[in-house]
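Have a look at the structure below before the remarks.
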Amino acid sequence: MLVDLDYFFAQAEEVRNPTIQGKPVVVCVYSGRSEDSGAVSTANYIARKYGVKSGMPIFQAKKKLENADAVFLPVDYTFYEKTSAKVMNILRNHADSFEQVGIDEAYLGVSQKTGGDFEKTKDLVQRIKDELKTQLKLTCSAGVGPNKLIAKIAADTQKPDGLTVIKPEQVEAFLASLPVSRLIGVGAKTKEKMQALGINTVGELAKYDVQKLIAVFGKALGAYFHNAALGLDDEPVQERGEAESISRISTLKQNTRDSSLILEKANQLCDEIHATVMQQRLAFKTVGIIAIMADLSMHTRSKTLENAVNELEIMKKTAKELFEKLLIETELEVRRIGVKVSNFTKEQESQKQLTSFFDSSHT
DNA sequence: GTATGCTTTCGGC
DNA sequence: TTACGGCCGAAAGCATAC
């Protein structure tokens, strides 16, 4: 099953301060540039009825909520992380296997516990929902299915406070009318390609000849699409390791092309990233940068190093090179910048031994 | 041709 | 110079290798 907390940040705020319940609640990321500069992170369903959405500029949300007695709050990630940890502890206790996805979502494998009985599973989900409600005052939307693919789509069907169970014999009918874009792996381009083949729904995709799919999308992708359309998925529910990337991004006080100002901020971001990298004992092989220009266009550059490293100075030097290159290749002023590291390897004992071997061999 | 890896952009929350 | 976040993983495009 998949459990997904409803409008998580805004709901956490409602729990912390119940007096705002019943009002539109908008959680915002303020950039600090001017009074209302920034964007909406998430909003409760009351605010959504007014047309407020994630990613929307704060001033637009305020306009939509004029005279609506709305509450605008700054994001408090530390508080949401603590709340999330409590939720995940409860969820983990009810699962044979567990996989957290992001801050507000988790897959629970429960086949052993329930013997694969979907009625029992439904009762179990209801108990989990009740427990989250009584202990943490939080609602969630849950989806139950024979695998992760179906559980996820089921959970998205009914929100907020939903509970959708798709039994194996219901899978075919459940999927048939859905647009192909509901499948993970089908983005805008793939959707267009499928449309050109006369495929619009998952049902149509299921009936389409596998060999033709493979001819168009390649062996792995074609086979994946075919199976997914049939509701087949054998991805295990398993604990996730470290994140695949760690990044920091920040809005500059004013737009600029002054490389010393940009690099000063970039170095700050590198310091923060490096602290996290060291904390988690990671080594990174790829360093990337992002620049959002005055016109909000996005530009990225990245470099994959010869070996995985953890040195702050290498991160800063690589970021510097990438920003300098990017500034040459565009003429717009820069509004926001970010740094990202990825391609991690956990630092192994063997690497340290190797290093000390070389060190000692030179002495 | 297909698989794989790297780079850049997109999109959800 | 006065109207837009921060972070993540997925998607897509391209280069290279077999």
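Lettering of chains follows the sequences in order, A, B, ..., and the numbering in each one begins at 1.
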Assign [X] to base, sugar-phosphate, or nothing according to its heavy-atom contacts below 4.0 angstrom with the strands shown.
{"X": "A:T190", "result": "sugar-phosphate"}
{"X": "A:S37", "result": "sugar-phosphate"}
{"X": "A:G288", "result": "nothing"}
{"X": "A:D104", "result": "sugar-phosphate"}
{"X": "A:I184", "result": "sugar-phosphate"}

Check whether any side-chain nitrogen or oxygen of [X] sits under 4.0 Å from OP1 or OP2 of [N], and answer yes or no.
{"X": "A:R336", "N": "C:dG5", "value": "yes"}
{"X": "A:S250", "N": "C:dG5", "value": "no"}
{"X": "A:S247", "N": "C:dG6", "value": "no"}
{"X": "A:T304", "N": "B:dT7", "value": "yes"}
{"X": "A:S41", "N": "C:dG5", "value": "no"}
{"X": "A:S302", "N": "B:dT8", "value": "yes"}
{"X": "A:T42", "N": "B:dC13", "value": "no"}

Side chain of [X] - closest among [options]:
{"X": "A:I249", "options": "B:dC6, C:dA12, C:dG6", "result": "C:dG6"}
{"X": "A:T286", "options": "B:dT7, C:dA3, C:dG9", "result": "B:dT7"}
{"X": "A:A243", "options": "C:dC7, B:dT2, C:dG9", "result": "C:dG9"}
{"X": "A:N343", "options": "C:dC7, B:dC6, B:dT8", "result": "B:dC6"}
{"X": "A:T300", "options": "C:dG9, C:dG6, B:dT9", "result": "B:dT9"}

### Task
Please check if the side chain of A:S84 supplies one atom and the backbone of A:D104 the other of a donor-acceptor pair under 3.5 Å.
no
### Query
Short question: side chain of A:D6, backbone of A:K159 - any donor-acceptor pair under 3.5 Å?
no
### Query
How do A:K325 and A:G218 order along DNA chain B: which one's closest nucleotide is nearer the 5' end?
A:G218
### Query
Which comes earlier along DNA chain B counting from the 5' end, the contact point of A:I214 or that of A:M298, where each point is its nearest nucleotide?
A:I214
Euclidean distance, atom [atom1] of residue [X] to atom [atom2] of [N] [Å, nearest integer]:
{"X": "A:R33", "N": "C:dA3", "atom1": "CZ", "atom2": "C1'", "result": "11 Å"}
{"X": "A:D76", "N": "B:dC13", "atom1": "CG", "atom2": "C1'", "result": "17 Å"}
{"X": "A:R335", "N": "C:dT1", "atom1": "CZ", "atom2": "P", "result": "10 Å"}
{"X": "A:K340", "N": "C:dG6", "atom1": "NZ", "atom2": "C1'", "result": "13 Å"}
{"X": "A:L5", "N": "B:dC13", "atom1": "CG", "atom2": "C1'", "result": "12 Å"}
{"X": "A:E105", "N": "C:dG9", "atom1": "CD", "atom2": "P", "result": "13 Å"}
{"X": "A:I58", "N": "C:dT2", "atom1": "CD1", "atom2": "P", "result": "17 Å"}
{"X": "A:E321", "N": "B:dT7", "atom1": "CD", "atom2": "P", "result": "13 Å"}

### Message
Within this structure, what is the CZ-CD1 distance for the pair A:R336 and A:I249, rounded to the nearest 0.5 Å?
### Response
4.0 Å
### Query
Start at the 5' end of DNA chain C and walk down; is the nucleotide closest to A:L183 or to A:V40 reached first?
A:V40
### Query
Given that A:P57 and A:E333 both sit by DNA chain C, which one's nearest nucleotide is further toward the 5' end?
A:E333
### Message
Given the structure, check if the side chain of A:S54 and the base of B:dG12 hold any donor-acceptor pair shorter than 3.5 Å.
### Response
no
### Task
Take atom P in C:dC4 and the same atom in B:dG12, then report the distance between them in whole Å.
22 Å
### Message
What's the gap between C:dT1 and C:dG5 when it is taken at their P atoms, as a whole Å value?
### Response
15 Å
### Query
Is the closest basic N to carboxylate O distance between A:E119 and A:K167 below 4.0 Å?
yes
### Task
Look at A:E272 together with A:R248 and state whether they make a salt bridge at an N to O cut-off of under 4.0 Å.
yes
### Evaluation steps, side-chain contact (heavy atoms from CB on, under 4.5 Å), between A:F344 and A:E244
CA-CA 7 Å; A:F344 297 127; A:E244 290 177 19; 5.8 Å; no
### Mutual orientation of the aromatic rings belonging to A:F9 and A:Y77 [parallel < 30°, tilted 30-60°, perpendicular > 60°]
perpendicular
